[in-house]
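Side chains are part of it too, since the values below use all heavy atoms of this structure and drop only hydrogens, waters and symmetry mates. Owing to the predicted nature of the structure, the values given are computational and were not obtained by experimental measurement. The chains referred to below are lettered A, B, ... by the order of the sequence lines, with proteins before strands, and numbering in each begins at 1.
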Protein chains: 2
Amino acid sequence: MATYIFGHTTPDSDSIVGAISLSYLKNKLGEDTVPTRQGEVNPETKWILEKFGYEAPVLKTEYAGENVYLIDFMESSQSPKDISEATILGIVDHHKLGDLKTNAPLEMWVRPVGCSNTIVKEMFDHYSIEIPKDLAGMMMCAILSDTVIFKSPTCTKEDTKACKELAEIAGVEDYKALGMEMFIVKSDVLSATPRELVLRDFKDFNMGGNTIGVGQLEVVDLNVFDNMKEDLFAAMKELKAEGDRHSVLLLLTDIMQEGSQLLVISDTTDKIENAFDISLENDQTWLKGVMSRKKQIIPFLEKQF
Amino acid sequence: MATYIFGHTTPDSDSIVGAISLSYLKNKLGEDTVPTRQGEVNPETKWILEKFGYEAPVLKTEYAGENVYLIDFMESSQSPKDISEATILGIVDHHKLGDLKTNAPLEMWVRPVGCSNTIVKEMFDHYSIEIPKDLAGMMMCAILSDTVIFKSPTCTKEDTKACKELAEIAGVEDYKALGMEMFIVKSDVLSATPRELVLRDFKDFNMGGNTIGVGQLEVVDLNVFDNMKEDLFAAMKELKAEGDRHSVLLLLTDIMQEGSQLLVISDTTDKIENAFDISLENDQTWLKGVMSRKKQIIPFLEKQF
């Protein structure tokens with residue numbers, strides 16, 4: 001029976017590439033694994049897959065009775081609905097310790113680094129397994145994406161080291177230029193509906209019994225959203241109602257200005273304002289220096305709920 | 001501010017030695033850490049500490065406001081009462097994923113192996129840090145203890161490999177003989193009260209809202225308990241009432257016969273009987289081949305609750 005390896009719902013490049021890279025490693029170690037995904041592949045990830053000649057993992061959303069490895073998440077809110085009926089053999093992740101449980105001992109490679117693929121690189125080194133050239137290129141892109149080309153406060157020296165070593169294996173000389181090229185692809189927000197944009201990199205968090213959804217869009221120039229704010233707010237309101245969410249937040253991150261415009265739809269905006277010591281105007285504000293949902297948003301929200 | 005490193009409540013040799021070995025490694029890596037313990041040092045661990053010339057870690061039961069690493073556990077029921085007010089920087093463990101949570105990303109070295117010190121050995125190798133001779137001897141003993149000299153079903157090839165490498169560093173030729181010597185020390189149950197015996201290696205588990213306490217005593221000859229059963233049952237009843245526990249189980253493990261006498265005090269003994277497909281007689285039964293609480297007891301209880 002094959003073991004499935006997958007990332008979180010609404011997968012990003014780290015989740016998709018991580019499923020592929022971890023599955024390759026596990027198979028080299030003699031296991032029988034298959035990479036899968038819980039949702040649509042986003043435009044950035046499509047670009048990465050095409051550039052390095054890989055197929056997207058198969059879409060699979062039910063895992064009852066299966067053996068699984070999780071990569072890039074350990075929250076039930078980002079898991080398949082039937083995760084409690086699956087056997088979690090292992091977790092590779094770089095987030096906070098969430099609310100998943102297991103009935104038996106497991107394998108966990110968790111590090112406070114900027115990207116899951118940095119940890120997968122560590123695993124390849126640990127087992128002295130060679131990384132194929134094109135796989136290395138994809139892992140490098142996942143790190144450049146998650147760390148916003150090393151600009152995110154989540155970026156550690158382990159990430160930059162792994163990225164440089166992967167660039168060398170991939171034969172990519174100017175990996176920062178490649179990263180910018182990737183972020184320009186990511187910045188094409190005009191070909192998607194507002195709802196698709198809010199959901200593109202969207203995660204639900206369970207905070208004291210409340211579901212808080214937080215989306216993030218990283219672009220090279222914030223102006224692309226100028227005529228789109230009202231439509232984004234409308235999509236956020238829709239998602240709030242549908243998912244019985246307490247709040248829906250959207251971070252519009254400008255990777256050149258290194259900050260984020262925060263959009264908020266909430267039952268209690270004062271809690272959001274208190275979390276970041278801000279005053280919202282028209283349900284939004286500029287958060288200077290804020291680029292990381294994980295490090296600069298979620299912990300402060302958690303304290304309020 | 002120093003970071004504290006400690007194992008579970010009612011610490012065993014793996015928890016005590018693991019706090020010392022992980023703290024040594026972390027300090028070599030430039031961190032400022034102090035090994036501590038949550039409870040009394042048991043006779044087996046005392047023997048190990050004396051043999052290799054180490055002091056027991058300092059007793060410390062409150063950690064609010066502190067930075068901590070956990071070793072050999074990740075269950076709130078085995079944590080200090082104020083664990084939610086501490087910052088968990090990392091966890092090194094070989095148990096199932098429990099119910100602890102963090103607000104921020106952390107470091108986790110979790111493997112489905114027989115002993116936490118096997119993982120610490122892996123960490124020493126990972127960072128290419130040399131292990132001092134006497135520390136290696138203690139880590140070797142922790143592995144021999146947790147794996148019952150490789151007889152436990154929890155023992156993996158990683159454990160035997162690490163143990164052999166540690167024995168070499170420690171200059172111990174016949175490590176199995178040393179293991180037997182250690183288990184003979186552990187088998188001295190006559191110098192303790194029945195209550196002390198039940199509590200010597202006792203862990204509480206939260207199962208569907210019920211607290212189930214499971215103790216284990218590993219001896220080279222089960223006959224030592226022959227005139228002691230009634231007193232052990234009385235101590236178990238006491239602990240059940242005091243801790244508002246649903247059940248208290250005690251495993252009397254014979255490491256030569258490779259099985260355990262199970263003693264049960266429970267509100268619903270049928271659940272315990274169903275868990276292991278057994279019939280209790282006088283609240284006890286022989287479980288052939290059962291040596292591991294973690295692998296052969298807890299998962300089957302979990303399914304019932």
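Of the residues considered (B/E107, B/H126, B/K303, B/R111), B/R111 shows the highest number of contacts with chain A, using heavy-atom pairs under 4.5 Å. Chosen from B/I91, B/T154, B/D125, B/L97, the residue pairing most often with chain A at heavy-atom distances under 4.5 Å is B/L97. Of the listed residues (A/K101, A/K96, A/E302), the greatest number of heavy-atom pairs within a distance under 4.5 Å of chain B belongs to A/K96. Comparing B/L106, B/I119, B/N103 by how many heavy-atom pairs each has under 4.5 Å with chain A, the most go to B/L106. Ranking A/E122, A/M74, A/H94 against chain B, the residue ahead of the rest is A/E122, based on heavy-atom pairs under 4.5 Å.
Here the side chains of B/W109 and B/V120 are not in contact, with every heavy-atom distance at 4.5 Å or above.
Side chain of A/S79 to backbone of A/E75: a donor-acceptor contact under 3.5 angstrom is found.
Looking at B/L100, both its backbone and its side chain come within 4.5 Å of chain A, counting heavy atoms on both sides.
Heavy-atom neighbours of B/D270 CG from other residues, nucleotides or ligands within 6.0 Å: above the threshold of 12.
Scanning all heavy atoms of the two residues, the minimum distance from B/I131 to B/A136 falls at CG2-N, 3.7 Å.
For B/F305 and B/F205, the gap between ring centers reaches or exceeds 6.0 Å.
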